[in-house]
Amino acid sequence: MVMAARRASLIMPRVFFLLRLVAIVAVAHVYVGLRLIPDLHLTSGQQWAAWGVLVTSCILMPVSLVIRPFAARPWADWVAGIGLVMMGLFSSTFVCTLLRDAVLTIVFVMGDLTSATLPLTQLKFISAVAVVALALAATLVGAFNARRLARVRRVDVPIAGLPSALQGFAIAQISDIHVGPTIKHGYVEHIVQAVNALQPDLIAVTGDVVDGPVVQLSAHTQPLGQLTARHGTYLVTGNHEYYSGVNAWVAEFRRLGLHVLMNEHVVLRHADAQLVVAGVTDYSAGAFDPAQASDPVKALAGAPAGSVSVLLAHQPRSASAAVQAGYALQLSGHTHGGQFFPWNLFVRFQQPFVAGLHRVEEMWVYISRGTGYWGPPKRLGAPSEITLLRLVAA
């Protein structure tokens, strides 16, 4: 009974969220249709076709987020993939439509104030065509950026009191791969090959590896077992692991030979120096299982005093607790760098940082833009990355 009640308490908010999402998506599609279709000078048949595309998009967008656990593959993957592509396309169309309306309003007001005669019909037609063209271009360019292999980003992190033996210690970080409907075995294999080519001292995987249950995706995460580094590969859970069955995934990651850190640490001997590598469960883990609540202080308990310590924490907002615990460096992901406009503008409402290296009192925080992508195969202004961080003396 207790487990059933807990399961219901987790499911019902997601159901209500999905219903709200469907309502918002429907209203947004109606808005775009009413604002663009009449101004595109389409024939009657073309207008019906345009509304058909919008209706299909309106249905597939929310379906793409929920279909995979309930439908047989590969049909579900195709439906989800198409829905996610349409999500990316519609997102750009919606934003461009809002901008178009704002610009047209300004133009019309200025025309009234100056008593100028404006070619209203022509302006509406040209701007409507521009919206469609820009949305299509953004989707195509974004898809190219998302699907290409993440580039290596090299970052030096200055650490005060760094032992000379740890000078140049290299950590390869990958994050937010999101194996799922559009990211499969081949994509993951290319990431693994690129990381291994860097020959790092340590590999850090900072969560959101998967978007689906083990039974569906284990074949596609197999290449992760081939990650190779001098001191091994360490992984922490992200929020999407909790959406996908965290305990089963932790067991699977460990079967692959990855070291999963759940509010715990290891002490690495590198030459004649020590490095403490700690990892916490996702910031939201306690909502799924109170026993797994994220705890940076607990993760460092019993570590050798005075040793340089690195924390792997999926979400950047773990930093406020981590800095109090005395870590020198926190590695995070989660944000995707915003992934594409305008969602990068909203990340700061939830997280203290969007991407890159930042200082929080005496601790450094590095936030990866992610090595894969979530949802639409689309990246604009936020390139994916494989990060190679080097510890250097401050």
Atom pair [atom1] ([X]) and [atom2] ([Y]), whose distance is rounded to the nearest 0.5 Å:
{"X": "Q351", "Y": "Q315", "atom1": "CD", "atom2": "CD", "answer": "5.0 Å"}
{"X": "R148", "Y": "Y187", "atom1": "CZ", "atom2": "OH", "answer": "10.5 Å"}
{"X": "H265", "Y": "L312", "atom1": "NE2", "atom2": "CG", "answer": "13.0 Å"}
{"X": "H231", "Y": "R269", "atom1": "NE2", "atom2": "CZ", "answer": "10.5 Å"}
{"X": "I203", "Y": "N196", "atom1": "CD1", "atom2": "CG", "answer": "5.5 Å"}
{"X": "D289", "Y": "T281", "atom1": "CG", "atom2": "OG1", "answer": "9.0 Å"}

Verify the cluster assignment for [X] and [Y]: are they in a single hydrophobic cluster under the rule of side-chain heavy atoms below 4.5 Å apart?
{"X": "V27", "Y": "V63", "answer": "no"}
{"X": "L202", "Y": "V157", "answer": "yes"}
{"X": "V155", "Y": "V205", "answer": "no"}
{"X": "V32", "Y": "L134", "answer": "no"}
{"X": "V280", "Y": "L331", "answer": "no"}

Taking the side chain as C-beta and beyond, is there a heavy-atom pair between [X] and [Y] under 4.5 Å?
{"X": "I171", "Y": "V277", "answer": "no"}
{"X": "L149", "Y": "Q193", "answer": "no"}
{"X": "D201", "Y": "L275", "answer": "no"}
{"X": "L268", "Y": "Y234", "answer": "yes"}
{"X": "W364", "Y": "R359", "answer": "yes"}
{"X": "V85", "Y": "L89", "answer": "no"}
{"X": "R390", "Y": "R154", "answer": "no"}
{"X": "Q330", "Y": "V360", "answer": "no"}

Indicate whether the side chain of [X] and that of [Y] have a donor and an acceptor atom separated by less than 3.5 Å.
{"X": "K378", "Y": "S91", "value": "no"}
{"X": "Q274", "Y": "S307", "value": "yes"}
{"X": "Q292", "Y": "N247", "value": "yes"}

Donor-acceptor pair, side chain of [X] and main chain of [Y], under 3.5 angstrom:
{"X": "S57", "Y": "V53", "answer": "no"}
{"X": "R100", "Y": "R35", "answer": "yes"}
{"X": "E241", "Y": "V209", "answer": "yes"}
{"X": "E362", "Y": "G326", "answer": "no"}
{"X": "N263", "Y": "D295", "answer": "yes"}
{"X": "R379", "Y": "G372", "answer": "yes"}
{"X": "S332", "Y": "A313", "answer": "yes"}
{"X": "T335", "Y": "V354", "answer": "yes"}

Nearest heavy-atom neighbours spanning [X] and [Y]:
{"X": "G279", "Y": "A299", "result": "O-CB, 3.8 Å"}
{"X": "L329", "Y": "Y366", "result": "CD1-N, 4.4 Å"}
{"X": "S64", "Y": "L84", "result": "OG-CD2, 3.6 Å"}
{"X": "P304", "Y": "V276", "result": "CD-CG2, 3.9 Å"}
{"X": "A273", "Y": "L166", "result": "CB-CG, 3.9 Å"}
{"X": "V179", "Y": "L217", "result": "O-CD1, 3.3 Å"}

When you look at Q324 and V297, which way does the side chain to side chain contact (heavy atoms under 4.5 Å, CB included) test go after all the steps? CA-CA 8 Å; Q324 301 302 320; V297 175; 6.0 Å; no

Is the distance between the ring centroids of H314 and Y242 under 6.0 Å? no

Would one find more than 12 heavy atoms of other residues, nucleotides or ligands at under 6.0 Å from atom [atom1] of [X]?
{"X": "F144", "atom1": "CZ", "value": "no"}
{"X": "R230", "atom1": "CZ", "value": "yes"}
{"X": "W48", "atom1": "CH2", "value": "no"}
{"X": "R254", "atom1": "CZ", "value": "yes"}
{"X": "Q199", "atom1": "CD", "value": "no"}

So, applying side chain to side chain donor-acceptor pair (under 3.5 Å) with [X], which one of [options] is it?
{"X": "H240", "options": "D176, D282, D211", "value": "D211"}
{"X": "S175", "options": "T206, T387, D208", "value": "T206"}
{"X": "Y373", "options": "H178, R147, Q339", "value": "R147"}
{"X": "Q222", "options": "H185, E189, E252", "value": "E252"}

Taking side chain to side chain contact (heavy atoms under 4.5 Å, CB included) as the criterion, tell me which of L36, V132, L98 meets it with T93. L36

Test side chain to side chain contact (heavy atoms under 4.5 Å, CB included) applied to T233 and V195, step by step: CA-CA 11 Å; T233 300; V195 171; over 6 Å; no

Does S309 form a side chain to side chain contact (heavy atoms under 4.5 Å, CB included) with L300? I'd like the steps, not just the answer. CA-CA 8 Å; S309 56; L300 200 58; 3.9 Å; yes

Side chain to side chain contact (heavy atoms under 4.5 Å, CB included) between W249 and T237: does it pass, once the steps are laid out? CA-CA 9 Å; W249 273 116; T237 56; over 6 Å; no

